[in-house]
**Q** 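Below you'll find the structure I mean.
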There are 2 protein chains.
Amino acid sequence: MAQPTYLTVADQLEAALINQPAGTRVESEHELARRHGVNRLTAKAALDELEQRHLVRRRRGSGTYVMHRYDYMLGSGPSPSWSETVRAGGGTPRADVVDLRRRGDTVHLRRLGYVNDDKALFKQSELAADLVPGLREALAEHGSLYDTLDRGYHLRPHRRVERAELIRPPAEVAERLELKRNTEVIAAVIRTHSDHVGREVERTRVWLRTDFFRLVVTFT
Amino acid sequence: MAQPTYLTVADQLEAALINQPAGTRVESEHELARRHGVNRLTAKAALDELEQRHLVRRRRGSGTYVMHRYDYMLGSGPSPSWSETVRAGGGTPRADVVDLRRRGDTVHLRRLGYVNDDKALFKQSELAADLVPGLREALAEHGSLYDTLDRGYHLRPHRRVERAELIRPPAEVAERLELKRNTEVIAAVIRTHSDHVGREVERTRVWLRTDFFRLVVTFT
DNA sequence: TAGTGGTCTAGACCACTGC
DNA sequence: CAGTGGTCTAGACCACTAC
């Protein structure tokens, strides 16, 4: 054959899945193997191939599911927040506070971002404590940090990206995002200035799983 | 065991390779399997793991070799060219003209970039024909396109990145870079303005293999 | 030609998930 | 509990590379 069996199976499956909504169940390794009359390892190779193409996600004990990927847009100008992008693409974003504590003049905030209830990103922010009293409650009310600074504290926030890159994640991030050993993440550093009080409000580092997000950078 | 065998083998091998120069030969699947008393597929899984971590490169019929990865830096300010980065990291960059033809007012240029004689990137440029007469010879003399515009034509070139992203490559690029089906590439669009003649000189699209380069974006 | 990695089979046991 | 994907074995044939 011109092409290995597992790639033929993968391509055929990709064509069948191309218009399926995210979360759709894909047939199991055993079913796929039986249907194509191949060994289970060959069927597994096909599904692993689709996972590497970021088209499906595989979970031990559960199954294989169709994935959608969202563009994480960064730019020298204003760019949409990750949650806006996810919502625009038909997904459901959510963010949970993992840790929030004050040390001196700074509030340290850690949050986990979810896409359709799957862990997708981790954010670590340092905020000027005097500008954000009662942050936990304000976050719970407004959801995104940007919206909280904007509508909760009326700070007229202005985001500025400092750096973005692909890296092998630090141990804590890998653990938090339940990453396999060999996967990279998108890492970005973002500063937010308040046009209202004329000071920097916060500095955020964010790490995003590359199977949920695709990095797109634009310069004006 | 707390960890699968192939990951233990991979981690042990990674530790042994961490300070080896690029191009160093790694033991074969058969040797690795014999030395650890495991099946060849388990040894293969370990080496594939290291390949996914971008630490080695595997070639059928030849062997497994230590890889080095270079940062591809892009920014709103001036950033080093890929060849500078490679040279600074101890590698040897080279670029070959694949195709060069004139259509109307525009010169279409296609080049392949090599790192230590391995195909690593593909560039496609459109230049203002009147500004670069005898381009082929000038390129052969100066090497990099930027240097050619600068020292060959004295155009005082000024590079500006327009967009950078990670994508599944177009078919032609995948073929030119000999990519496996599932790998993404760094894609960027760069425009060069001539401060000397006050016009745009060229527009380049470049695609880089992610096993040779790591995308790093900085904003000033 | 000898050695490499790529693919494939037919089994097996396991950890984990969801009901 | 049944079903899922993760790992592992012991084989085999093949395409390709380097000498």
Side-chain angles (χ1 to χ4, degrees), chain A residues 1-13 17 23-67 116-119 178-183 211, chain B residues 1-13 17 23-67 116-119 178-183 211:
Chain A
M1 59 230 138
Q3 195 180 226
T5 308
Y6 80 94
L7 280 183
T8 307
V9 174
D11 287 347
Q12 188 176 322
L13 207 49
L17 296 180
T24 303
R25 181 116 187 209
V26 180
E27 60 191 328
S28 74
E29 292 181 354
H30 295 84
E31 286 169 349
L32 193 63
R34 196 178 57 248
R35 191 161 66 80
H36 284 85
V38 298
N39 187 272
R40 193 190 134 205
L41 275 194
T42 304
K44 175 183 172 55
L47 290 170
D48 286 345
E49 169 75 17
L50 294 190
E51 185 176 44
Q52 287 188 301
R53 293 184 195 170
H54 302 300
L55 299 172
V56 303
R57 178 153 191 206
R58 319 201 65 205
R59 288 183 232 242
R60 172 165 25 181
S62 173
T64 303
Y65 303 88
V66 173
M67 282 276 296
N116 301 331
D117 292 326
D118 290 322
K119 284 176 195 168
E178 296 172 4
L179 290 169
K180 280 189 258 186
R181 305 284 302 276
N182 55 22
T183 54
D211 48 352
Chain B
M1 57 233 139
Q3 196 180 225
T5 309
Y6 80 94
L7 280 183
T8 308
V9 174
D11 287 347
Q12 188 176 321
L13 207 50
L17 296 180
T24 304
R25 180 113 185 213
V26 180
E27 59 191 330
S28 74
E29 292 180 356
H30 295 83
E31 286 168 350
L32 194 63
R34 195 177 60 248
R35 190 161 66 81
H36 285 86
V38 298
N39 187 274
R40 193 190 136 205
L41 275 194
T42 304
K44 175 183 173 54
L47 289 170
D48 286 345
E49 169 76 16
L50 295 189
E51 185 176 42
Q52 285 189 301
R53 294 184 195 170
H54 303 300
L55 298 172
V56 303
R57 178 154 191 204
R58 320 200 64 205
R59 286 184 235 242
R60 173 164 25 178
S62 173
T64 302
Y65 303 88
V66 173
M67 282 276 296
N116 301 331
D117 294 326
D118 290 322
K119 284 176 197 169
E178 295 172 5
L179 289 169
K180 280 190 258 184
R181 304 284 300 277
N182 55 22
T183 54
D211 49 352

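The model shown is predicted, which means the values in this text are computed figures rather than measured ones. Throughout, protein chains are lettered first and strands after them, A, B, ... in sequence-line order, and every chain is numbered starting at 1.
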**Q** Would you mind reading off the distance between B:Leu32 atom CG and C:dT4 atom P, rounded to a whole angstrom?
**A** 12 Å

**Q** Any side-chain N or O of A:Thr5 below 4.0 angstrom from OP1/OP2 of C:dC8?
**A**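 Indeed, a polar side-chain atom of A:Thr5 lies that close.
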
**Q** Can you measure B:Glu49 atom CD to D:dC8 atom P for me and round it to whole angstrom units?
**A** 12 Å

**Q** Is there a side-chain contact between B:Tyr6 and the phosphate of D:dC8, meaning an N or O under 4.0 Å from OP1 or OP2?
**A**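 Answer is no, no contact under 4.0 Å.
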
**Q** Any chance you could measure A:Asp211, atom CG, to A:Met67, atom CE, to the nearest 0.5 Å?
**A** 4.5 Å

**Q** Do any of residues 34-45 of chain A sit with a heavy atom less than 4.0 Å from DNA chain C, and if so which?
**A** A:Val38, A:Asn39, A:Arg40, A:Leu41, A:Thr42

**Q** As an exercise, state the distance from NZ of A:Lys44 to CG of A:Leu32, rounded to the nearest 0.5 Å.
**A** 12.5 Å

**Q** To the nearest Å, how far apart are B:Glu31 CD and C:dA2 C1'?
**A**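 Distance check: B:Glu31 CD to C:dA2 C1' gives 13 Å.
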
**Q** Under 3.5 Å, which protein N or O atoms sit close to an N or O of nucleotides 16-18 of chain C? Give each pair with its distance.
**A**
residue : atom : partner : partner atom : Å
C:dT17  : O4'  : A:Gly61 : O            : 3.3
C:dT17  : O2   : A:Gly61 : O            : 3.3

**Q** Looking at CG of B:Leu17 and CG of B:Leu50, how far apart are the two atoms once the value is rounded to the nearest 0.5 Å?
**A** 6.5 Å

**Q** Please round to the nearest 0.5 Å and tell me the distance separating atom CG of A:Leu41 and atom OH of A:Tyr6.
**A** 13.0 Å

**Q** Tell me, with the steps shown, if A:Glu29 and A:Arg58 meet salt bridge (Lys or Arg N to Asp or Glu O under 4.0 Å).
**A** CA-CA 11 Å; A:Glu29 292 181 354; A:Arg58 319 201 65 205; 3.0 Å; yes

**Q** What is the distance, to the nearest angstrom, from the CZ atom on A:Arg25 to the C1' atom on C:dC19?
**A** 12 Å

**Q** Out of curiosity, B:Leu47 CG to B:Leu13 CG, how far, rounded to the nearest 0.5 Å?
**A**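 B:Leu47 atom CG to B:Leu13 atom CG measures 6.0 Å (nearest 0.5 Å).
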
**Q** Counting any heavy atom closer than 4.0 Å, what does A:Arg57 reach on the DNA or RNA strands: base, sugar-phosphate only, or nothing?
**A**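 Nothing, no heavy atom under 4.0 Å.
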
**Q** Closest heavy-atom contact between A:Lys180 and A:Glu51?
**A**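 That closest heavy-atom pairing would be NZ-OE1, 3.5 Å.
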
**Q** Distance from B:Glu27 atom CD to B:Thr64 atom OG1, nearest 0.5 Å?
**A** 9.5 Å

**Q** Can you tell me the distance, in whole Å, between the CZ atom of A:Arg58 and the C1' atom of D:dG6?
**A** 9 Å

**Q** Could you tell me which residues satisfy salt bridge (Lys or Arg N to Asp or Glu O under 4.0 Å) with A:Arg53, sequence neighbours excluded, listed by chain and number?
**A**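 Testing A:Arg53 for salt bridge (Lys or Arg N to Asp or Glu O under 4.0 Å), a comparison that skips the adjacent residues, returns A:Asp11, A:Glu14, A:Glu49.
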
**Q** Between atom CG in B:Leu7 and atom P in D:dT7, what is the gap in whole Å?
**A** 7 Å

**Q** What's the CD-P distance between B:Gln3 and D:dC8, to the nearest Å?
**A**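 The distance from CD of B:Gln3 to P of D:dC8 comes to 10 Å, rounded to the nearest Å.
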
**Q** From D:dG5, C:dG5, C:dT7, pick the nucleotide closest to the side chain of A:Glu29?
**A** D:dG5

**Q** Can you measure A:Glu51 atom CD to D:dG5 atom C1' for me and round it to whole angstrom units?
**A**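 Nearest whole value for this atom pair: 10 Å.
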
